Amino acid sequence: MKHSFLKGLLLGVGIGSCLVLGLLVHSQTGNLEELPPEVKVAEEIKTEESTGEKEPTPETTSDNTLPIEEDTVNEPEEPTPEPEPEEDIPEEKDVVLAFAGDVMFSEQYLAAYDRDGISVFADPEMLSFMQEADLFLLNEEFPFSLQGEAMEDKQYTFRIDPKYSKILKDLGTDIVTVANNHALDFGVNAFCDTLDTLKEAKITCIGGGYNIAEASAPAVYSIHGQSFAIFGATRVSPSYDWYATDSKPGMFQTYDPTRLNEAIASAKQQYDHTIVFLHWGIERNEIPEDYQRTLAKGYIDAGADLVVGCHPHVLQGFEYYNGVPIIYSLGNYLFGNRSDETVLLQTTFRPDQSVAIQLIPCKRVNGVLTRIQEPESLYQHLSELSFHTEVSEDGVLVAQ
(Lines give C-alpha, C1' and ligand atoms only; values in the text may rest on other atoms or scores of the structure.)
Protein backbone atom coordinates (compact mmCIF):
# COMPACT_ATOMS: atom_id res chain seq x y z
CA MET A 1 0.00 0.00 0.00
CA LYS A 2 2.70 2.40 1.01
CA HIS A 3 4.66 1.54 -2.11
CA SER A 4 1.57 2.14 -4.25
CA PHE A 5 0.98 5.51 -2.61
CA LEU A 6 4.54 6.55 -3.12
CA LYS A 7 4.44 5.34 -6.68
CA GLY A 8 1.31 7.45 -7.37
CA LEU A 9 2.77 10.49 -5.66
CA LEU A 10 5.89 10.26 -7.73
CA LEU A 11 3.83 9.86 -10.91
CA GLY A 12 1.74 12.95 -10.05
CA VAL A 13 4.81 14.99 -9.31
CA GLY A 14 6.26 13.94 -12.66
CA ILE A 15 3.16 14.92 -14.56
CA GLY A 16 2.95 18.21 -12.71
CA SER A 17 6.59 18.91 -13.47
CA CYS A 18 5.91 18.33 -17.14
CA LEU A 19 3.01 20.75 -17.07
CA VAL A 20 5.04 23.41 -15.30
CA LEU A 21 7.87 22.92 -17.76
CA GLY A 22 5.43 23.28 -20.70
CA LEU A 23 4.04 26.50 -19.24
CA LEU A 24 7.52 27.90 -18.84
CA VAL A 25 8.37 27.09 -22.45
CA HIS A 26 5.17 28.75 -23.69
CA SER A 27 5.81 31.87 -21.70
CA GLN A 28 9.07 32.25 -23.57
CA THR A 29 7.72 31.56 -27.06
CA GLY A 30 4.23 33.15 -26.80
CA ASN A 31 2.80 30.16 -28.67
CA LEU A 32 -0.45 28.93 -27.14
CA GLU A 33 -1.75 27.23 -30.19
CA GLU A 34 -0.22 23.88 -29.32
CA LEU A 35 -1.46 23.82 -25.73
CA PRO A 36 -4.71 22.23 -24.71
CA PRO A 37 -7.65 24.68 -24.62
CA GLU A 38 -7.93 24.67 -20.84
CA VAL A 39 -4.25 25.53 -20.48
CA LYS A 40 -4.59 28.33 -23.05
CA VAL A 41 -7.46 29.92 -21.12
CA ALA A 42 -5.56 29.64 -17.88
CA GLU A 43 -2.54 31.29 -19.45
CA GLU A 44 -4.64 34.17 -20.85
CA ILE A 45 -6.18 34.78 -17.45
CA LYS A 46 -2.75 34.72 -15.90
CA THR A 47 -1.39 37.20 -18.39
CA GLU A 48 -4.26 39.63 -17.77
CA GLU A 49 -3.84 39.38 -14.03
CA SER A 50 -0.09 39.92 -14.22
CA THR A 51 -0.30 43.08 -16.41
CA GLY A 52 -3.59 44.52 -15.20
CA GLU A 53 -4.44 45.41 -18.84
CA LYS A 54 -6.85 43.91 -21.33
CA GLU A 55 -6.40 43.83 -25.09
CA PRO A 56 -8.65 46.45 -26.69
CA THR A 57 -11.81 45.14 -28.31
CA PRO A 58 -11.85 46.02 -32.05
CA GLU A 59 -14.50 48.56 -32.99
CA THR A 60 -17.15 47.37 -35.38
CA THR A 61 -19.40 49.17 -37.85
CA SER A 62 -23.19 49.25 -37.63
CA ASP A 63 -23.35 45.96 -39.55
CA ASN A 64 -20.89 44.34 -37.15
CA THR A 65 -18.07 44.16 -39.67
CA LEU A 66 -14.60 45.27 -38.85
CA PRO A 67 -13.70 48.65 -40.33
CA ILE A 68 -11.14 48.80 -43.08
CA GLU A 69 -7.88 49.99 -41.68
CA GLU A 70 -6.67 53.20 -43.28
CA ASP A 71 -3.26 53.38 -44.78
CA THR A 72 -1.04 54.88 -42.14
CA VAL A 73 1.65 55.91 -44.62
CA ASN A 74 1.91 59.71 -44.54
CA GLU A 75 1.10 61.13 -47.96
CA PRO A 76 3.06 64.20 -48.99
CA GLU A 77 1.00 67.32 -48.39
CA GLU A 78 -0.25 69.07 -51.51
CA PRO A 79 1.04 72.61 -51.86
CA THR A 80 -1.48 75.30 -50.95
CA PRO A 81 -2.71 76.82 -54.23
CA GLU A 82 -1.96 80.44 -54.87
CA PRO A 83 -5.11 82.60 -54.60
CA GLU A 84 -6.38 83.55 -58.06
CA PRO A 85 -6.14 87.25 -58.77
CA GLU A 86 -9.48 89.02 -58.62
CA GLU A 87 -10.91 90.10 -61.96
CA ASP A 88 -10.79 93.80 -62.61
CA ILE A 89 -14.36 95.01 -62.28
CA PRO A 90 -14.78 98.23 -64.27
CA GLU A 91 -15.77 101.18 -62.18
CA GLU A 92 -19.29 102.32 -62.99
CA LYS A 93 -19.47 105.95 -63.93
CA ASP A 94 -21.30 108.26 -66.32
CA VAL A 95 -21.28 107.36 -70.01
CA VAL A 96 -21.79 110.09 -72.63
CA LEU A 97 -23.33 109.27 -76.01
CA ALA A 98 -23.56 112.08 -78.58
CA PHE A 99 -26.04 111.93 -81.49
CA ALA A 100 -26.07 114.01 -84.67
CA GLY A 101 -28.74 114.21 -87.35
CA ASP A 102 -28.45 114.03 -91.12
CA VAL A 103 -24.94 114.08 -92.62
CA MET A 104 -24.04 114.35 -96.32
CA PHE A 105 -20.85 115.99 -97.61
CA SER A 106 -21.10 118.28 -100.64
CA GLU A 107 -18.43 118.45 -103.37
CA GLN A 108 -17.51 121.94 -102.16
CA TYR A 109 -16.70 120.70 -98.67
CA LEU A 110 -14.86 117.63 -99.91
CA ALA A 111 -12.55 119.89 -101.91
CA ALA A 112 -12.08 122.15 -98.88
CA TYR A 113 -11.28 119.12 -96.72
CA ASP A 114 -8.62 117.99 -99.18
CA ARG A 115 -7.05 121.42 -98.79
CA ASP A 116 -7.52 122.27 -95.10
CA GLY A 117 -8.61 119.15 -93.24
CA ILE A 118 -11.39 118.65 -90.69
CA SER A 119 -11.39 122.31 -89.59
CA VAL A 120 -13.57 123.16 -92.62
CA PHE A 121 -16.43 121.19 -91.05
CA ALA A 122 -16.41 122.17 -87.37
CA ASP A 123 -14.60 124.46 -84.97
CA PRO A 124 -12.45 123.08 -82.13
CA GLU A 125 -15.21 123.35 -79.51
CA MET A 126 -17.73 121.38 -81.55
CA LEU A 127 -15.07 118.85 -82.52
CA SER A 128 -14.29 118.30 -78.85
CA PHE A 129 -17.95 117.49 -78.08
CA MET A 130 -17.93 114.83 -80.81
CA GLN A 131 -14.47 113.42 -80.26
CA GLU A 132 -14.61 113.30 -76.46
CA ALA A 133 -17.97 111.54 -76.19
CA ASP A 134 -17.73 107.88 -75.22
CA LEU A 135 -19.72 107.15 -78.40
CA PHE A 136 -20.60 109.49 -81.25
CA LEU A 137 -23.42 108.44 -83.62
CA LEU A 138 -24.82 110.06 -86.75
CA ASN A 139 -27.12 109.38 -89.70
CA GLU A 140 -25.01 108.71 -92.84
CA GLU A 141 -27.36 109.76 -95.60
CA PHE A 142 -25.35 108.54 -98.60
CA PRO A 143 -23.47 105.45 -99.81
CA PHE A 144 -19.67 105.25 -99.93
CA SER A 145 -19.10 104.02 -103.49
CA LEU A 146 -17.92 104.86 -106.98
CA GLN A 147 -20.07 102.28 -108.79
CA GLY A 148 -23.70 101.77 -109.67
CA GLU A 149 -26.39 103.77 -111.45
CA ALA A 150 -28.58 106.37 -109.81
CA MET A 151 -32.09 105.18 -109.04
CA GLU A 152 -34.50 106.25 -111.77
CA ASP A 153 -37.19 108.83 -111.03
CA LYS A 154 -35.59 109.79 -107.71
CA GLN A 155 -35.17 113.53 -107.30
CA TYR A 156 -32.04 113.46 -105.13
CA THR A 157 -29.38 110.77 -105.19
CA PHE A 158 -26.10 110.89 -103.29
CA ARG A 159 -22.83 108.99 -103.18
CA ILE A 160 -19.30 109.78 -101.95
CA ASP A 161 -15.85 108.38 -102.71
CA PRO A 162 -14.97 105.77 -100.04
CA LYS A 163 -11.68 107.54 -99.33
CA TYR A 164 -13.66 110.24 -97.53
CA SER A 165 -14.63 107.86 -94.77
CA LYS A 166 -11.66 109.52 -93.09
CA ILE A 167 -13.89 112.56 -92.49
CA LEU A 168 -16.12 110.49 -90.22
CA LYS A 169 -13.06 109.26 -88.32
CA ASP A 170 -11.74 112.81 -87.96
CA LEU A 171 -15.09 113.89 -86.52
CA GLY A 172 -14.80 111.13 -83.92
CA THR A 173 -17.61 108.97 -85.33
CA ASP A 174 -18.08 105.54 -83.75
CA ILE A 175 -21.45 104.41 -85.16
CA VAL A 176 -23.52 105.35 -88.21
CA THR A 177 -27.01 104.30 -89.16
CA VAL A 178 -27.48 103.50 -92.86
CA ALA A 179 -31.21 102.87 -92.47
CA ASN A 180 -32.44 105.83 -94.52
CA ASN A 181 -33.86 106.84 -97.89
CA HIS A 182 -30.48 107.38 -99.59
CA ALA A 183 -28.51 104.28 -98.59
CA LEU A 184 -29.29 102.45 -101.87
CA ASP A 185 -29.44 105.45 -104.21
CA PHE A 186 -26.92 103.71 -106.48
CA GLY A 187 -28.05 100.13 -106.02
CA VAL A 188 -27.16 97.08 -103.97
CA ASN A 189 -23.52 96.92 -105.04
CA ALA A 190 -22.91 100.50 -103.95
CA PHE A 191 -24.65 99.74 -100.67
CA CYS A 192 -22.32 96.78 -100.13
CA ASP A 193 -19.36 99.09 -100.86
CA THR A 194 -20.64 101.21 -97.99
CA LEU A 195 -20.71 98.25 -95.62
CA ASP A 196 -17.17 97.27 -96.62
CA THR A 197 -15.86 100.83 -96.35
CA LEU A 198 -17.26 101.32 -92.86
CA LYS A 199 -15.86 97.99 -91.72
CA GLU A 200 -12.43 98.88 -93.04
CA ALA A 201 -12.62 102.27 -91.30
CA LYS A 202 -13.63 100.52 -88.04
CA ILE A 203 -16.90 102.42 -87.86
CA THR A 204 -19.85 100.36 -86.67
CA CYS A 205 -22.85 100.19 -88.99
CA ILE A 206 -26.43 99.77 -87.75
CA GLY A 207 -29.71 99.51 -89.64
CA GLY A 208 -28.26 97.71 -92.67
CA GLY A 209 -26.29 94.63 -93.60
CA TYR A 210 -25.67 91.79 -96.03
CA ASN A 211 -28.83 90.10 -94.77
CA ILE A 212 -31.66 90.74 -92.35
CA ALA A 213 -29.78 89.15 -89.45
CA GLU A 214 -26.98 91.71 -89.81
CA ALA A 215 -29.30 94.61 -90.57
CA SER A 216 -31.45 94.01 -87.51
CA ALA A 217 -28.59 93.35 -85.10
CA PRO A 218 -27.71 96.03 -82.55
CA ALA A 219 -24.31 97.58 -82.02
CA VAL A 220 -23.20 96.35 -78.59
CA TYR A 221 -20.78 98.21 -76.33
CA SER A 222 -19.65 97.98 -72.71
CA ILE A 223 -18.37 101.28 -71.33
CA HIS A 224 -17.44 102.18 -67.74
CA GLY A 225 -19.34 99.23 -66.34
CA GLN A 226 -22.51 99.87 -68.38
CA SER A 227 -23.65 97.89 -71.43
CA PHE A 228 -25.51 99.23 -74.47
CA ALA A 229 -27.45 97.76 -77.39
CA ILE A 230 -28.15 100.28 -80.18
CA PHE A 231 -30.51 99.57 -83.10
CA GLY A 232 -30.98 101.38 -86.40
CA ALA A 233 -34.16 101.16 -88.50
CA THR A 234 -36.17 103.13 -91.05
CA ARG A 235 -39.78 103.86 -91.81
CA VAL A 236 -38.88 105.86 -94.92
CA SER A 237 -37.90 104.01 -98.10
CA PRO A 238 -38.31 104.66 -101.84
CA SER A 239 -38.77 100.96 -102.57
CA TYR A 240 -39.68 97.71 -100.88
CA ASP A 241 -36.64 96.22 -102.63
CA TRP A 242 -34.35 98.20 -100.33
CA TYR A 243 -35.17 95.99 -97.34
CA ALA A 244 -32.80 93.26 -96.26
CA THR A 245 -33.95 89.64 -96.41
CA ASP A 246 -32.38 86.35 -95.41
CA SER A 247 -30.46 86.31 -98.69
CA LYS A 248 -30.35 89.94 -99.84
CA PRO A 249 -28.44 93.00 -98.53
CA GLY A 250 -30.44 96.01 -97.47
CA MET A 251 -31.96 97.96 -94.60
CA PHE A 252 -33.91 97.10 -91.47
CA GLN A 253 -37.44 98.46 -91.85
CA THR A 254 -39.93 99.32 -89.12
CA TYR A 255 -43.12 99.93 -91.07
CA ASP A 256 -44.16 96.81 -89.22
CA PRO A 257 -42.48 97.23 -85.81
CA THR A 258 -42.94 93.61 -84.69
CA ARG A 259 -39.40 92.40 -85.39
CA LEU A 260 -37.79 95.52 -83.92
CA ASN A 261 -39.95 95.36 -80.79
CA GLU A 262 -39.00 91.72 -80.30
CA ALA A 263 -35.31 92.57 -80.73
CA ILE A 264 -35.62 95.41 -78.21
CA ALA A 265 -37.31 93.13 -75.68
CA SER A 266 -34.54 90.54 -76.10
CA ALA A 267 -31.78 93.15 -75.73
CA LYS A 268 -33.45 94.53 -72.61
CA GLN A 269 -32.84 91.17 -70.91
CA GLN A 270 -29.13 91.23 -71.75
CA TYR A 271 -27.94 94.85 -71.60
CA ASP A 272 -28.28 97.81 -69.26
CA HIS A 273 -29.49 100.23 -71.94
CA THR A 274 -31.34 99.74 -75.23
CA ILE A 275 -31.45 102.59 -77.77
CA VAL A 276 -33.27 103.00 -81.09
CA PHE A 277 -32.05 105.37 -83.85
CA LEU A 278 -34.88 105.90 -86.37
CA HIS A 279 -35.45 107.39 -89.79
CA TRP A 280 -39.06 108.61 -89.97
CA GLY A 281 -41.41 111.56 -90.37
CA ILE A 282 -42.15 114.07 -93.12
CA GLU A 283 -39.48 116.34 -94.57
CA ARG A 284 -39.63 119.97 -93.39
CA ASN A 285 -42.44 119.20 -90.97
CA GLU A 286 -41.64 120.35 -87.42
CA ILE A 287 -44.52 118.37 -85.91
CA PRO A 288 -44.03 114.60 -85.62
CA GLU A 289 -46.57 112.37 -87.33
CA ASP A 290 -48.99 110.40 -85.18
CA TYR A 291 -47.30 107.20 -86.28
CA GLN A 292 -43.94 108.48 -84.94
CA ARG A 293 -45.44 108.93 -81.50
CA THR A 294 -47.16 105.55 -81.66
CA LEU A 295 -44.02 103.71 -82.78
CA ALA A 296 -41.87 105.46 -80.18
CA LYS A 297 -44.17 104.45 -77.33
CA GLY A 298 -44.23 100.89 -78.65
CA TYR A 299 -40.41 100.76 -78.61
CA ILE A 300 -40.41 102.03 -75.04
CA ASP A 301 -43.05 99.52 -73.98
CA ALA A 302 -40.78 96.83 -75.45
CA GLY A 303 -37.86 98.07 -73.34
CA ALA A 304 -36.11 101.00 -75.09
CA ASP A 305 -34.36 103.53 -72.83
CA LEU A 306 -33.95 106.21 -75.51
CA VAL A 307 -35.53 106.87 -78.92
CA VAL A 308 -33.79 109.23 -81.37
CA GLY A 309 -35.11 110.21 -84.81
CA CYS A 310 -33.92 111.80 -88.07
CA HIS A 311 -35.10 112.52 -91.64
CA PRO A 312 -37.32 115.64 -91.60
CA HIS A 313 -34.19 117.87 -92.06
CA VAL A 314 -35.57 120.15 -89.35
CA LEU A 315 -35.69 119.90 -85.58
CA GLN A 316 -38.83 118.49 -84.02
CA GLY A 317 -39.86 118.53 -80.38
CA PHE A 318 -39.34 116.12 -77.50
CA GLU A 319 -41.46 113.95 -75.28
CA TYR A 320 -41.11 111.74 -72.20
CA TYR A 321 -43.11 108.55 -72.10
CA ASN A 322 -42.96 106.48 -68.91
CA GLY A 323 -39.86 108.45 -67.99
CA VAL A 324 -38.03 107.64 -71.26
CA PRO A 325 -36.96 110.51 -73.58
CA ILE A 326 -38.06 110.65 -77.22
CA ILE A 327 -36.14 112.88 -79.66
CA TYR A 328 -38.38 113.09 -82.69
CA SER A 329 -35.93 114.70 -85.13
CA LEU A 330 -32.40 116.07 -84.85
CA GLY A 331 -32.65 117.80 -88.23
CA ASN A 332 -29.61 118.45 -90.44
CA TYR A 333 -26.17 118.42 -88.88
CA LEU A 334 -23.61 118.55 -91.68
CA PHE A 335 -25.85 118.19 -94.68
CA GLY A 336 -24.60 119.66 -97.95
CA ASN A 337 -24.12 123.40 -97.63
CA ARG A 338 -27.11 124.02 -95.35
CA SER A 339 -26.65 126.23 -92.32
CA ASP A 340 -29.87 125.70 -90.36
CA GLU A 341 -29.92 125.95 -86.58
CA THR A 342 -29.50 122.47 -85.16
CA VAL A 343 -28.28 120.60 -82.10
CA LEU A 344 -25.82 117.94 -81.10
CA LEU A 345 -27.65 115.69 -78.66
CA GLN A 346 -25.57 114.84 -75.60
CA THR A 347 -27.01 112.00 -73.51
CA THR A 348 -25.51 111.01 -70.16
CA PHE A 349 -26.25 107.52 -68.83
CA ARG A 350 -25.64 107.29 -65.10
CA PRO A 351 -24.93 104.14 -63.05
CA ASP A 352 -28.32 104.56 -61.33
CA GLN A 353 -29.95 103.95 -64.78
CA SER A 354 -31.14 107.56 -65.17
CA VAL A 355 -30.56 109.44 -68.44
CA ALA A 356 -29.87 113.18 -68.70
CA ILE A 357 -30.40 114.98 -72.02
CA GLN A 358 -28.35 118.06 -72.90
CA LEU A 359 -28.65 120.00 -76.16
CA ILE A 360 -25.55 121.58 -77.71
CA PRO A 361 -27.04 124.24 -80.05
CA CYS A 362 -25.03 124.90 -83.21
CA LYS A 363 -25.09 126.14 -86.80
CA ARG A 364 -22.66 126.74 -89.62
CA VAL A 365 -20.96 130.12 -89.54
CA ASN A 366 -18.97 130.77 -92.72
CA GLY A 367 -19.49 127.09 -93.43
CA VAL A 368 -17.99 125.88 -90.11
CA LEU A 369 -20.19 124.23 -87.48
CA THR A 370 -20.10 126.51 -84.44
CA ARG A 371 -21.85 126.56 -81.07
CA ILE A 372 -24.71 129.08 -80.82
CA GLN A 373 -23.91 131.48 -78.00
CA GLU A 374 -27.43 132.83 -77.43
CA PRO A 375 -29.82 129.91 -77.95
CA GLU A 376 -32.77 131.21 -75.88
CA SER A 377 -35.12 131.66 -78.83
CA LEU A 378 -34.23 128.21 -80.20
CA TYR A 379 -34.89 126.60 -76.81
CA GLN A 380 -38.21 128.42 -76.52
CA HIS A 381 -39.28 127.25 -79.96
CA LEU A 382 -38.32 123.64 -79.22
CA SER A 383 -40.26 123.76 -75.94
CA GLU A 384 -43.33 124.90 -77.89
CA LEU A 385 -42.94 121.95 -80.27
CA SER A 386 -42.58 119.43 -77.42
CA PHE A 387 -45.09 117.35 -75.48
CA HIS A 388 -45.13 118.00 -71.73
CA THR A 389 -41.40 118.70 -71.96
CA GLU A 390 -39.37 121.87 -71.74
CA VAL A 391 -35.84 122.86 -72.71
CA SER A 392 -34.28 124.71 -69.80
CA GLU A 393 -32.23 127.85 -70.25
CA ASP A 394 -29.06 125.74 -70.16
CA GLY A 395 -30.35 123.28 -72.77
CA VAL A 396 -31.44 120.42 -70.51
CA LEU A 397 -34.65 118.50 -71.25
CA VAL A 398 -37.12 118.59 -68.36
CA ALA A 399 -40.29 116.52 -68.23
CA GLN A 400 -43.36 118.49 -67.12
Side-chain angles (χ1 to χ4, degrees), residues 95-101 137 139 177 179 206-207 216 218 226-236 252-282 285-312 314-331 343-359 379-392 395-400:
V95 179
V96 176
L97 273 60
F99 293 79
L137 304 84
N139 172 46
T177 177
I206 57 174
S216 61
Q226 301 186 57
S227 57
F228 297 81
I230 307 170
F231 294 91
T234 185
R235 197 192 172 283
V236 180
F252 185 26
Q253 63 87 15
T254 186
Y255 281 86
D256 177 357
T258 302
R259 182 166 187 148
L260 179 53
N261 284 340
E262 290 174 349
I264 292 169
S266 177
K268 185 66 174 178
Q269 301 301 313
Q270 304 175 63
Y271 306 103
D272 297 322
H273 308 286
T274 303
I275 299 167
V276 188
F277 200 4
L278 281 306
H279 213 71
W280 58 4
I282 304 298
N285 192 343
E286 291 183 320
I287 307 299
E289 301 299 298
D290 289 342
Y291 81 76
Q292 290 175 254
R293 298 185 69 191
T294 299
L295 286 175
K297 292 174 182 178
Y299 303 143
I300 293 169
D301 287 339
D305 301 299
L306 175 65
V307 178
V308 180
C310 293
H311 175 65
V314 294
L315 295 169
Q316 293 182 338
F318 313 102
E319 185 172 7
Y320 277 87
Y321 172 69
N322 289 343
V324 176
I326 306 168
I327 316 302
Y328 283 110
S329 174
L330 287 176
V343 297
L344 177 69
L345 185 75
Q346 193 176 75
T347 64
T348 301
F349 291 81
R350 301 193 175 103
D352 64 4
Q353 304 297 301
S354 63
V355 183
I357 305 294
Q358 170 79 56
L359 305 182
Y379 290 165
Q380 179 61 36
H381 184 54
L382 290 174
S383 294
E384 293 169 355
L385 294 176
S386 299
F387 304 89
H388 309 294
T389 304
E390 285 187 355
V391 182
S392 72
V396 175
L397 290 197
V398 180
Q400 299 297 304

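Only this structure's heavy atoms are used, side chains among them; waters, hydrogens and symmetry mates stay out. For the single chain, residues carry numbers from 1 onward in sequence order. Everything numeric here is computed off the predicted structure, so don't read it as measured data.
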W280 side chain to Y328 main-chain N or O, any donor-acceptor pair under 3.5 Å?
yes
Take a 6.0 Å sphere around CG of D256 and say whether it holds more than 12 heavy atoms from other residues, nucleotides or ligands.
yes
side-chain contact (heavy atoms from CB on, under 4.5 Å) for I275 and F99? Distances and angles first, verdict last.
CA-CA 11 Å; I275 299 167; F99 293 79; 4.0 Å; yes
Please give me the minimum heavy-atom distance between T389 and E319, naming the atom from each residue.
OG1-CA, 3.6 Å
Could you tell me how the ring of F349 sits relative to the ring of F228: parallel (under 30°), tilted (30 to 60°) or perpendicular (over 60°)?
perpendicular
Heavy-atom side-chain proximity of I327 to V307 below 4.5 angstrom:
no
Under a 3.5 Å threshold, yes or no: a donor from one side chain and an acceptor from the other, between S266 and Q270?
yes
L260 versus Y299, closest heavy-atom pair with distance
CD2-CE2, 3.5 Å
So, S392 and Y379: side-chain donor and acceptor under 3.5 Å apart, yes or no?
no
State, to 0.1 Å, how close F277 and C310 come at their nearest heavy-atom pair, and which atoms those are.
CE1-SG, 3.5 Å
Tightest non-hydrogen contact, residues A233 and A179, listed as C-CB, 3.6 Å
So which atom in L330 and which in A100 form the shortest heavy-atom distance, rounded to 0.1 Å?
CD1-C, 3.9 Å
Regarding S227 and D272, do their side chains bring together a donor and an acceptor under 3.5 Å, going by distance alone?
yes
Any side-chain donor near an acceptor of the partner, H273 and Q226, under 3.5 Å:
yes
Heavy atoms only: give me the nearest N261-A302 pair and the separation to one decimal.
O-CB, 3.6 Å
